[in-house]
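What follows is a short report on a single structure.
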Amino acid sequence: MINDLSGYLAYLSKKGRAATIREKVSTECEISAITNLENRTHRNESRALVFENVDGYDMPVATNLLGSLPTLSELFNQLPLSDLILKMHTAGKMEMLKGAKAVMDSKPKISASLSGYKRLGGLDELPVLKVWPKDSGRFITLPLVITNSPSDGSTNVGIYRMQVFDSETTGMHWQSQKGGAIHAAEAAEAGTALKVSVAIGTDPYNLMAAVAPLPQGINEFAFSGMMRGSSTNLVRNGEYPAVPSNSEIVINGHVDGEKKMEGPFGDHTGYYSIPEPAHVFHVDAIYAKEHPIYAASVVGFPWSEDAVAAEFLSGYLKPMIKAVNSSIVDIYLPSEGAFTNMCFISIKKRFPGDAKKAMFGILGLGQLSLTKIVVAFDDDVNIRDLSTAMWALSTRVDPERDIQIIKGTSTDSLDHASSISAYGSKVLIDATKKTREEGYARGWPETISMDGPVESEAEKKWKRIK
Ligand SMILES: Cc1cc2nc3c(=O)[nH]c(=O)nc-3n(C[C@H](O)[C@H](O)[C@H](O)COP(=O)(O)O)c2cc1C
């Protein structure tokens, strides 16, 4: 049982998937540079790093907590949730309703007061990282930002970077479609400030739930309870949204509509983000455990840990996507596409136009709707292998017939290529084999392959070649 961040690090250590760095390191790009080297070298099997001797701080810093695909598979694939999603997919509406009920039933348990925490004086006491040399400052990069909807009281948890402006304020980089931003918009409409709690350092279940693109209205802490197999324990501090009781650091504060320029920040697109106005988060109080560990994430050019988490989650959420469209066989977000820039699907085509139907479906689904380039392949293509996917893309597409550009759509605000922030166009590419019914009259050529018996005989002889 992993109860908190220390327990998670102990678990990773036992598996050889965590390393401790005892040499003195700086928060100014050095911790991030070492983490980046670990990611570039070991990609999706990289270790969590614990920096014990951080120059100027008496708090250790842990990075790369989600960088190991084997760990994510171990922790999350065994759990009843995958079964549940599959059941939801195969058994139709009734099971789907039961699935939704199970999420609702695994309600978090909330206790009344934040005890056993000490109060800190300001943000300066936290070893917040400057990640890339041209970042506009130091950024809290792995905060669980918790808000309650002013309209219906529902809770949202998301990870949104927070640029430290001074010891009492930060930016709050929630993109306008994300849960926290929707709550802030509701508060602005009601003319009130929005109370926000920020939890830094918790168990991997709460962390993954915060990252997962759950439908609006599903409580991430109920979801983390399901993944863990036991309810999430939360603790309330006055009027502020309740935080996980195993949080290393808790920041209570509010946003009141004030905005300030935020960025540039070296992001997972591989570029520095273009500075834009972001909400100002006003810190009301900071609390920390007796010996807290500060958790941070380092993102940049793929691969980084967010690419690992996204790759894992795209597999995890596949049954839900298949439940929406049964023609879809697989879905893959190549990390080279920075999650929202590119989405591959493979389909078992059932009727003329099925590929387009499936692609339009993707553009209507939660955070997948931000995707810029959607490509549909047949199910004989392994879309997880980029070289096979590129072969199919270049041999099955007639641009005039198979490429559709859709103008005037909402896009990911991190995509700097569109002329207007968060507003641009999308492209749908149908890379499936075209049928007669779809107007292709020439007779689609067969893909080359050896006959089975010849192939196996040849293989035996080939292996004997010295
Ligand atoms: C390390 C990391 C940093 C992230 N930073 C941001 C961010 O600054 N802004 C943002 O809107 N989403 C960011 N995300 C993605 C959101 O956390 C993710 O989309 C989540 O599903 C949002 O949840 P929500 O839909 O409940 O808001 C980040 C994710 C990770 C893993």
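Atoms within a ligand are numbered from 1 in the order they appear, just like the ligands themselves. These figures come from a predicted structure and were not determined experimentally. These numbers come from the heavy atoms of this one structure, side chains and all, not from hydrogens, waters or symmetry mates.
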Which ligand 1 atoms are under 4.0 Å away from a heavy-atom of [X]?
X: G179; value: 24 (P), 25 (O), 27 (O)
X: E220; value: 26 (O)
X: H173; value: 7 (C), 8 (O), 9 (N), 10 (C), 11 (O)
X: N156; value: 24 (P), 26 (O), 27 (O)

Open item on the list: For A309, which part has a heavy atom under 4.0 Å from ligand 1: side chain, backbone, both, or neither?
Closed with: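 None of A309 does.
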- [ ] Using a 4.0 Å heavy-atom threshold (strictly under), name the region of Q367 that reaches ligand 1: side chain, backbone, both or neither.
- [x]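 The answer is the side chain.
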Task: Any P213 heavy atom less than 4.0 Å from ligand 1 - done: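 It does, in that a heavy atom of P213 comes within the 4.0 Å cut-off of ligand 1.
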TODO: Verify whether one side chain among N237 and Y117 offers a donor that lies under 3.5 Å from an acceptor in the other.
DONE: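 No, no side-chain donor-acceptor contact under 3.5 Å.
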Open item on the list: Any non-hydrogen side-chain atom of R138 less than 4.5 Å from a side-chain atom of E28?
Closed with: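 They are in side-chain contact.
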Open item on the list: List the residues meeting ring-ring contact (aromatic ring centres under 6.0 Å, His included) with H282, not counting sequence neighbours, and say none if there are none.
Closed with: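 Per chain and number, H282 pairs via ring-ring contact (aromatic ring centres under 6.0 Å, His included) with H254.
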TODO: Any pair with a residue in residues 290-302 that passes side-chain hydrogen bond (donor to acceptor under 3.5 Å, both in side chains), sequence neighbours left out, goes on the list, sorted by first then second residue, please.
DONE: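 Found S297-E305.
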Open item on the list: For atom 6 (C) of ligand 1, what is the closest protein heavy atom, and at what distance to 0.1 Å?
Closed with: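 Here the nearest protein heavy atom works out to I159 O, 3.2 Å.
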Task: F377 and its side-chain contact (heavy atoms from CB on, under 4.5 Å) partner, picked from L393, I347, I429 - done: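 Single side-chain contact (heavy atoms from CB on, under 4.5 Å) partner of F377 among L393, I347, I429: L393.
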